[in-house]
Amino acid sequence: MGILRPKVTLLNEEYKKKIFEEATHILESLGVLIENKNAETLLKEVGVPNQNQRYFIPSDLVKKCLTYPPHEITMYDREGNPNLFLKEDKIHFDPGSAAIFILDEKTGEIREPLHQDFIRFTQIVDQLANIEAQSTSLVYSDVPKDAQDWHRLYTTLKYSRKPIVTGTFRKESFSIMNELLLTCRTSEKDLAEKPLAIFDACPSPPLSWSDLTTQSVIDAAERMIPSEFISMPMSGANAPITLIGSITQHCAESLAGVVISQLVKKGAPIIWGGSPAVMDMKHGTTPMGAIETMMIDIGDAEMGKFLNLPTHAYMSLSDSKIPDAQAGLEAGMGALLAGLTGINMISGPGMLDFESCQSIEKLLIDNEIAGMVKRFVEGIHDYGSPFAEDILKDYDQTNELLSHPSTLQLFRKELFFPSPILARMTRDQWKSTGSLSSRKRARLEINNLLAKPPQVELDASRSKELDKLSSEYLSSGKK
Amino acid sequence: MDTEEIYREMANSIVSLDQEKAVHLANQALDESMDLLQVIEKGFGEGIRKVGDLWDEGEFFLPELMSGAQIMEKAVDIITPGLQSSGSERQSSGKVLLATIEGDIHSIGKTIVATMLKANGFQVVDLGTDVKAEKIVDEAIKGDIDIIGVSTLLTTTMVNQKKVIDLLNQKNIRNKFKVIFGGAPVTQGWVDECGADGYAENAVESVKLVKELIQ
Ligand code: B12
């Protein structure tokens, strides 16, 4: 670590307390709508007052439930090695999830993704140094609709070793996805001890938890699989227009999730995540690249840290339709701000057009951004003083410092090395290689990455087991 | 104040988003037994059209558009009983049913479309979210609907949109309604595959589409 961990903060202790107090008050006074029978039973069992499925959660219960969940979560890769550390200010990136379109880099067309696209996507993420987790990032149309959630997890497990951020579209799918994960572990206990996938669950703004998402939280908690709460207030549409009001609403919705999960099982791992957005008042869209969206994200994560929970946010996305200057600036700002906030899981690379489109070209550019952000948050290192004097003393001997022992010893540590996607060559070199834009250079990288073997080959028997499960469920779905 | 001037005031109350004034003027129209159809058409209606223009010109934003539409609705609600008792009826541009399909709870886009349609003189029946195809068809029959609009944001629930068309076909009443689809994953290809009548990418386009189809 450097001298300081560079940080950005938008809230102080006083305001975090105020927001927390108001959020608990909201749960008590306005309550939260719970549309899931199992969660209703749990809440009734502990005597939570309710009316027409609206539960008025006492703040004592919220505070008690906050004492149970773990403050940090270690994610393990497919092979069972510890891989990601969701704690303190550590940061990790994963691609934005569940895009319903892909920007085809060969034709430039925005179209519906196919299974083959997701395979390529997964293979590429597997190779990217700065994007450490996979996510089930494309929803493809060439599998039956009722397989669209779990089939992505199957594909990810087949083609990459990295931990996965995923989620269900149907209640029935959780158990299938659990079975798929179990092919990579020896038992439920082993999977609980070495979590491989995180399940996203989105409360519905304002102040409501749908049947599907609540069930996902319950199913995950029972098995001690991490749940990531993705509260997404849309400021001015179904949340207050004020940033502070949206942060407060996010806090209340997420706290309800904490209570549900901890009533299922004390100590169930949870991640304080979010995908808030301000509403674009002209187009009626939900810009993820808006600076105010990022500010809410930061406030939300600060609240998560205040409550001692691992954090997540949807940042480093862009609303541009192609990987252009807008995509670069929005993704760059979002990723850097997320890094400076110390958000443990940052979902977004590759994503365009309000969380609806994935682009491999953008993914590769974002991989560079993520690398830079990681370098930045390391801060400035102190290797012992004098910092410069001794080195400068030696300058006259060689008239350069390139060959100086300190340079050789430290340049790899001090510098982040970008891929050829970032133009650091001279103008002449750039001209002689075709005067390409970063987008075009990213496109050229794709085939190089696809030509590489997977980081870790999937064990043959495990692969067979996965195939067997997949074909079983595909055919039982058809019946 | 002459009548023309009152109409202008009415239009202004919508454009300036002055609900109090709009309500006051609507009540005044009742008290003074004004020609209520004209009150809507030349008065408040002129206002909401102006709001639409301001939106088109980039002058107005969503909160203004929505507020304008809602104030318009309030004024019309005050006037409607008077209209009915006088035996005349407001000429509706058409009746649209909107719903988010079964399995999907995304509501915001549909609600914006509903508001825009209302603002443009359409009668809108909004059935809410997670609505079964059966219910949509039943309500369409009951409600004497012209256009059925089905929204979905999830690729997994798109199939349920198609159910609406299938049901209409089964009941042999497909030609009684126009059916339009909307929501982020919906494409012209999907609309063609299902045999629906159209789709629109946003609320403004939705109004254009509905106007086209209703002619
Ligand atoms: C807000 C949001 C939510 C909120 C919805 C709150 C609410 N009350 O509506 C909540 C949190 C509840 C939610 C839940 C879920 N969501 Co969601 N959500 C979104 C988000 C971010 C924005 C949607 C939105 O409101 N847009 C703004 C409005 C104004 O735009 P719009 O809806 O497109 O509407 C416009 C047009 O489409 C058109 N239109 C709309 N309807 C109609 C109808 C007609 C007839 C016509 C003509 C036109 C028309 O006009 C509108 C106005 O311009 C989208 C991302 C996206 N880019 O769409 C994801 C998104 C749709 N959700 C997604 C997912 C996966 C989910 C969940 C399954 C997540 C989970 N596991 O919990 C659940 C599903 C719950 C359920 N059963 O429905 C995915 C869908 C992926 C897929 N496979 O389809 C998306 C694309 C995000 C992502 N990439 O992951 N979500």
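Owing to the predicted nature of the structure, the values given are computational and were not obtained by experimental measurement.
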Verdict with supporting geometry, A/E112 and B/T187, side chain to side chain contact (heavy atoms under 4.5 Å, CB included):
CA-CA 10 Å; A/E112 282 181 23; B/T187 58; 4.2 Å; yes

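- At a 4.5 Å heavy-atom cutoff, A/F354 makes no contact with chain B through either its backbone or its side chain.
- Of the atoms belonging to A/S204, it is side-chain heavy atoms, and not backbone ones, that fall under 4.5 Å from chain B.
- Distance check: B/I105 CD1 to A/S208 OG gives 6.0 Å after rounding to the nearest 0.5 Å.
- Per-residue heavy-atom pair counts under 4.5 Å with chain A were compared for B/G189, B/G109, B/P185, and the maximum is reached by B/P185.
- For B/S107, no part lies near chain A; criterion is any non-hydrogen pair under 4.5 Å.
- If you measure heavy-atom distances from A/D280 to chain B, the contacts under 4.5 Å come from the backbone alone.
- When every heavy atom of B/I108 is checked against every heavy atom of A/A237, the shortest pair comes out as CD1-CB, 4.4 Å.
- In this structure, CE on A/M281 lies 10.0 Å from CE on B/M66, to the nearest 0.5 angstrom.
- Contact detail for A/Q148 and B/T156: the closest heavy-atom pair is OE1-CG2, 3.4 Å.
- The environment of B/K95 atom NZ is dense: over 12 non-hydrogen atoms of other residues, nucleotides or ligands sit within 6.0 angstrom.
- A distance of 5.0 Å separates CD1 of B/I112 from CE of A/M279, quoted to the nearest 0.5 Å.
- For the pair A/K282 and B/E59, the tightest heavy-atom approach, listed with the atom from each and the gap, is NZ-N, 4.3 Å.
- Between the CZ atom in A/R170 and the CG atom in B/L154 there is a gap of 12.5 Å [rounded to 0.5 Å].
- Other residues, nucleotides and ligands place more than 12 heavy atoms under 6.0 Å from the CD atom of B/E5.
- Taking a 6.0 Å sphere around CD of B/E201, one finds it holds 12 or fewer heavy atoms contributed by other residues, nucleotides or ligands.
- Annotation for A/M295: atom CE does not count as buried by contact number, only 12 or fewer foreign heavy atoms lying within 6.0 Å.
- A/D149 contributes atom CG, which lies 9.5 Å from atom OG1 of B/T155 (distance to the nearest 0.5 angstrom).
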